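The figures here come from the full heavy-atom set of this structure, side chains too, leaving out hydrogens, waters and symmetry mates. Chain letters run A, B, ... following the sequence lines, proteins first and then strands; every chain starts at 1. Since we're looking at a predicted model, the values are computed, not measured.
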Amino acid sequence: MYFMGIDIGSRGAKGVVVDDASKIVASFVGDTGPESVKTSEMVRDAMLKSSGLDVREVKYVVATGYGRVLVPFANANITEIGCHGKGANYFVPLARTILDMGGQDCKAININEKGQVTKFIMNDKCAGGTGRFLEMIASVLGLQLEDIGRVSLESTQKLPFNTICAVFAKTDAMSLLKKGTPKADILAGLHDAIAVRCLNLLKRVDIQKDFTITGGVAKNQGMVAKLKEKVGLDPILAPDPQIIGALGAALFARERALAPAKAG
Amino acid sequence: MQAFYGYDDASGAYFITIDTEKCDGCGLCVTACRENVLEVAEDDYGKAVAKVKDDVVSRVGYVCPGFEQGCSKRETSCHSVCHRKAISHTW
């Protein structure tokens, strides 16, 4: 028997399939298209193809993420907060605090030793400090999103950004660029501002010593380095931080499918 | 679980916190709130608890008058009806 988790994020669509023993047998990362329903089917079909499984072998599907209600073949949907807790616990069992940096929002989550959420806070009002914001800055600077973290590490001078409002920061970055400021310094300044913002969230949940970073932005080494500096702790990273939500969903799917049916 | 719903911005911190260990999902807060901010729904672990409505979270500072500055002056509020003291506000 197999169990599937689908995470339709605001920018990326992710999927994971696990077996009876919770072993990962397939995973997928792609872009969330304009139609979440089609995107979710694309994620499912890609994983069935790569693993050679038949759709009937998948006993239970849990959808999570921003577009979780738009996955027509899901048996249940669970918030990304619960899924990140469970998924992070799988790869990093020691972690008690999770910083999830996604395309559209940022969340700080505390979990217990079972991966159950004990505290969470999110900031989804503001675009500053999200993956989407970093994408925009990358395009202003004429760089690839994958490269900006590495480039930010080459910075040689501190450049304080007094705002990380997505709108103002873009204008600031453009005018600095015109003045000939190195891209590395602009990026380092912005990464710094984002890290400070995340630190505020982490303080509110009362950050624990063992913490991990999940979500697409966790792949940005410049961001991880800044967070390490600001927080003063070394994050323990999962092999692929971007699939943690989908993995948690797949583990929830397994748990629900194998649990004896609840009365009522 | 301590669930923080809201955000902070340049004007302050606007969070409604619900302690789901204390909350028994009775729903009295839902009817007490004149601004219709709350609802009772099942959480990820299958327990029915109060939460801030999804479409309200990102504008909660505008929709909810807050406790200290707002509803503490009213006769009934989500705080006053909650016999388990599960709800708190940062403003």
Taking every heavy atom of B:Met1 against every heavy atom of A:Phe120, the minimum-distance pair comes out as SD-CD2, 3.9 Å
Can you establish whether the number of heavy atoms outside [X] located under 6.0 Å from its atom [atom1] is more than 12?
X: A:Tyr60; atom1: OH; answer: yes
X: A:Glu113; atom1: CD; answer: yes
X: B:Arg34; atom1: CZ; answer: no
X: B:Lys73; atom1: NZ; answer: yes
X: B:Lys85; atom1: NZ; answer: yes
X: A:Lys170; atom1: NZ; answer: no

Side chain B:Tyr45, main chain A:Gly82, donor-acceptor under 3.5 Å
no
Measure B:Asp8 against the heavy atoms of chain A and call it side chain, backbone, both or neither at under 4.5 Å.
both
Run A:Lys86 and B:Asp44 through salt bridge (charged side-chain N to carboxylate O under 4.0 Å, His left out) and show every step you take.
CA-CA 11 Å; A:Lys86 200 175 260 306; B:Asp44 291 340; over 6 Å; no
Atom pair OH (B:Tyr7) and CE (A:Met122), whose distance is rounded to the nearest 0.5 Å:
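It is 13.5 Å, given to the nearest 0.5 Å.
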With a 4.5 angstrom heavy-atom cut-off, could you sort out which part of [X] is near chain B: side chain, backbone, both or neither?
X: A:Thr79; value: both
X: A:Arg204; value: both
X: A:Gln116; value: both

